[in-house]
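Notes to accompany the following structure.
Per chain, numbering begins at 1; letters A, B, ... match sequence-line order. All values below come from the heavy atoms of this structure, side chains included, with hydrogens, waters and symmetry mates left out.
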Amino acid sequence: MFDAEQRQIEEKINAFCAANGLPEAVLQWKWIPFSGHWGISIAFFQLAALEARQGKKIQVNQRAQELASQISDHLGIPVGFEKLEAVNGYLNLYFDPAVYARRVIDTAIEQGTGFGRGADRGERVMVEFSQPNTHKAFHVGHLRSAILGDGLSRLLAFAGYDVIRANYPGDIGLHVIKWLWCYRNYHAGEKPDKDITRWMGSIYAEASRRLEEAPELEAEIRELYARWDRRESEIVDLWKETRDWSLDGFKEIYSRLDIPFDRYYFNSEEEQSGKVLVNDLIARGIASDERPDGAVVVKLDNLLGLKNDKYRVLVVLRSDGTALYATEDLSLARRKFTDYPDLAKSYYVVDVRQSLHFQQVFKTLEIAGYEWANRCQHIPYELVTLPGNVVMASREGTVVLLEDLITEATDRAYEVVKLKNPDLTEAQKRAVARAVGIGAIKYPMLARENTKLVTFDWETALDFNGQAAPYIQYAFVRGGSILRKGGVEPAESVSPAFELTAAELELIDLLARLPNEVQRAAGELRPLWMATYAYDLARAFNDFYTQCPVLQVEEPVRSFRLRLVMATRQALANSLALLGITAPQAM
RNA sequence: GCCCCUGUAGCUCAAUGGACAGAGCACCGGACUUCUAAUCCGAUGGUUGUGAGUUCGAGUCUCACCAGGGGCGCCA
């Protein structure tokens with residue numbers, strides 16, 4: 001937000017260096033880390049070290065302090081700053097609160113929902129996430145890709161990218177045929193009840209159970225798969241109908257979670273074109289056809305002339321000529337760039353176990369000469385497991401259904417709101433419970449490193465206290481409450497000609513950071529940073545709330561604080577929206 | 001055997017190569033006649049797995065080791 005000022009100071013420092021025969025300084029702005037202070041700083045260790053490397057006899061720390069001090073003298077106090085000081089090799093510039101408080105607050109209020117939003121980059125990216133298997137349950141293990149992908153999409157869009165949100169359901173495969181087999185034999189003619197996904201999942205579990213008890217029935221499954229493969233209309237029709245049931249169920253879940261998609265790709269649609277693509281690879285000598293004794297493989301390390309195992313071997317077609325995931329992934333990657341030739345990036349939010357797989361697929365495409373291959377990027381995340389490192393598996397029945405988690409979370413939130421705010425109407429209570437319950441589920445998925453394992457347990461997942469979504473939502477609600485009583489009409493912009501309290505400084509400081517944080521988080525593909533930012537902002541506001549009365553204070557402080565509340569509430573709303581968490585009107 | 005990830009307070013996790021490693025939970029002690037206490041304040045709690053290296057400076061980068069998890073030709 002203070003780019004212009006920063007650039008001016010940088011220019012002056014560079015001019016100083018040039019005039020004094022110093023190497024060109026590497027200037028990196030940081031926030032002054034002391035709380036209660038408000039400004040930016042530059043360290044001069046690098047410049048001093050650069051000099052030392054040029055052969056000058058220098059004590060780096062001492063020289064850094066010397067430089068900071070000299071440059072401090074040279075700069076004087078720049079416009080808009082209150083003071084500057086050279087400490088421990090750092091040059092600290094403290095903003096003039098009167099100037100900057102006003103600017104930050106005015107900007108946030110004026111820009112409204114656009115506050116923190118990056119300028120349009122004119123770049124289109126695709127985020128593929130949440131690849132659920134149809135005909136199976138949707139459980140808590142599937143939650144991370146959905147929430148992470150959604151958060152990432154929202155972040156990139158807010159940062160200025162044109163984002164295409166893609167889903168890639170696994171709508172064909174052995175699991176689907178198993179389901180169809182079980183349905184035809186034991187549930188023919190049945191229709192799903194209103195809890196579609198649970199019902200679909202239960203039939204799948206039943207199929208697994210029956211096959212375990214009588215493995216000889218596998219032959220029936222294989223035969224059924226062959227009939228699907230021949231596109232027998234009876235089987236294909238049933239497959240399509242039941243697949244749509246599953247998809248309807250998923251859409252209901254996505255809608256409850258507020259996770260939309262722009263584009264659906266289907267596993268089944270990539271099968272044929274995948275086989276064609278593989279044939280092309282064979283013809284060009286990239287894939288080796290070892291049939292009938294072996295499969296069709298791409299020997300990546302051989303092709304690349306690598307001595308050590310790195311990319312190993314990718315199987316692109318089974319020996320019986322049927323497709324596997326790799327076949328379809330090759331085709332899908334190409335389809336995305338056919339649909340959107342201008343994609344600057346094609347992201348895949350898929351769990352970490354498939355890291356090698358994606359490296360192989362992307363490398364194969366690169367070898368095949370697709371120039372966009374290096375624009376594909378896998379974003380791995382760790383699994384959500386049950387205590388004791390038990391992986392959730394529909395087959396094993398070790399799952400917590402998403403449906404159950406959502407219901408439990410919203411029920412608990414409902415109990416709390418009934419207690420805290422009994423005057424709300426029933427509809428309002430339900431709305432609050434939904435916002436809080438869903439938020440509580442989403443936040444912990446976003447607020448940790450992708451590479452860290454999540455162990456699911458009910459107590460933690462339903463904890464509304466501390467660093468969690470309800471805390472942030474509550475801060476938003478409190479802000480709204482003040483504004484409702486203090487007059488929603490924005491007061492005139494106020495330049496504080498009075499001393500600001502530490503709580504106000506801290507809050508304004510955080511407000512000012514939002515645009516930077518958005519760009520930083522988007523640049524590193526880390527919704528985590530926005531999750532922590534939103535929490536920090538909420539904490540600063542709660543702190544302000546307890547320390548600084550707004551409505552009962554005299555003018556002009558009252559107007560100033562009212563506007564500060566307005567600005568903060570906007571920043572909280574934008575941050576929550578960025579995380580895909582609803583900001584409720586009351587709690 | 002090769003490769004990847006993780007290791008930070010009792011627990012769950014943060015931390016742009018920079019200034020005193022921060023939060024939450026739990027535990028202990030306080031604050032509702034006030035703009036909503038789903039809040040706030042205070043106390044306790046650390047040889048950042050171990051050892052070396054790079055650097056003016058390392059939780060962060062490199063290497064080795066230890067511990068846990070994952071991946072490695074026809075599963076998805």
Below 4.0 Å: OP1/OP2 of B:A14 and any side-chain N or O of A:Trp529
no
For a quick check, tell me whether the side chain of A:Asp351 and the base of B:A76 share a donor-acceptor pair closer than 3.5 Å.
no
Among the nucleotides B:C35, B:U12, B:A38, whichever has the atom closest to the side chain of A:Arg448 is B:U12
Which class fits the ring pair A:His135 and A:Trp179: parallel under 30°, tilted 30 to 60°, perpendicular over 60°?
perpendicular
What contact category does A:Leu551 fall into here, base, sugar-phosphate, or nothing, at under 4.0 angstrom with non-hydrogen atoms?
base
Any idea which of B:C72, B:C74, B:A38 is nearest the A:Lys420 side chain?
B:A38
Need one value for A:Val477: base, sugar-phosphate or nothing, where a base atom within 4.0 Å counts as base even if backbone is also close, heavy atoms only.
base
Mutual orientation of the aromatic rings belonging to A:Phe138 and A:Phe250 [parallel < 30°, tilted 30-60°, perpendicular > 60°]
perpendicular
Starting at CG of A:Leu462 and ending at C1' of B:U12, how long is that distance when rounded to a whole Å?
15 Å
Check whether any side-chain nitrogen or oxygen of A:Tyr545 sits under 4.0 Å from OP1 or OP2 of B:A37, and answer yes or no.
yes
Taking any heavy-atom pair under 4.0 Å as a contact, classify A:Ala48: base, sugar-phosphate, or nothing.
nothing
Could you check whether A:Arg63 gets within reach of a base, just the sugar-phosphate, or nothing at all, counting any heavy atom under 4.0 Å?
nothing
Between B:A15, B:U34, B:U36, which one does the side chain of A:Asn421 approach most closely?
B:U36
Among B:A76, B:A19, B:G73, the one nearest A:Asn92 by side-chain distance
B:A19
Across all strands, who's sitting opposite B:A64 as a Watson-Crick or G-U wobble pair, both distances under 3.5 Å?
B:U50
Results of ring pair (Phe, Tyr, Trp, His ring centres under 6.0 Å) for A:Tyr325 - residues two or more places apart only:
none
Indicate syn or anti for B:G70, taking the glycosidic torsion and treating anything within 90° of 0 as syn.
anti
If the glycosidic angle sits within 90 degrees of zero it is syn, else anti. Tell me which applies to B:C32.
syn
Is A:Ser319 side chain donor-acceptor paired with the B:C74 base, going by distance under 3.5 Å alone?
yes
Hey, does the Lys NZ or Arg CZ of A:Arg144 hover above the aromatic six-ring of A:Tyr381, less than 6.0 Å from the centre and inside 45° of the axis?
no
Considering every strand and a 4.0 Å limit on heavy-atom distances, what is the contact class for A:Arg318: base, sugar-phosphate, or nothing?
base
Would you indicate, yes or no, if B:G7 has its OP1 or OP2 atom less than 4.0 angstrom from a side-chain nitrogen or oxygen of A:Lys452?
yes
Among the candidates B:C25, B:C2, B:G73, find the nucleotide nearest to the side-chain atoms of A:Asp309.
B:C2
Looking at every strand, decide which applies to A:His357 at a 4.0 Å heavy-atom threshold: base, sugar-phosphate, or nothing.
base
Any A:Tyr474 side-chain N or O less than 4.0 Å from OP1/OP2 of B:A38
yes
For each nucleotide in nucleotides 40-45 of chain B, reading 5' to 3', give B when a protein heavy atom comes within less than 4.0 Å of its base, S when such contact involves only the sugar-phosphate, and - otherwise.
SS----
Is the shortest side-chain N/O distance from A:Arg312 to OP1 or OP2 of B:C72 below 4.0 Å?
no
Report yes if a side-chain nitrogen or oxygen of A:Thr451 is closer than 4.0 Å to either non-bridging phosphate oxygen (OP1 or OP2) of B:U6; otherwise report no.
yes
Where the side chain of A:Val417 is defined as all heavy atoms beyond and including C-beta, which of B:A19, B:A38, B:C74 is the nearest nucleotide?
B:A38
If you check every side-chain atom of A:Leu528, which of B:C72, B:C35, B:A14 has the closest atom?
B:A14
Review item, nucleotides 60-69 of chain B N/O atoms under 3.5 Å of protein N/O:
unit_1, atom_1, unit_2, atom_2, d
B:G69, O3', A:Asn389, ND2, 3.4

Answer with base, sugar-phosphate or nothing: what part of the nucleic acid does A:Val352 contact at a heavy-atom distance below 4.0 Å?
nothing
Tell me whether the rings of A:Phe541 and A:Phe544 are parallel (<30°), tilted (30 to 60°) or perpendicular (>60°).
tilted
Closer to the 5' end of RNA chain B via nearest nucleotide, is it A:Leu314 or A:Asp463?
A:Asp463
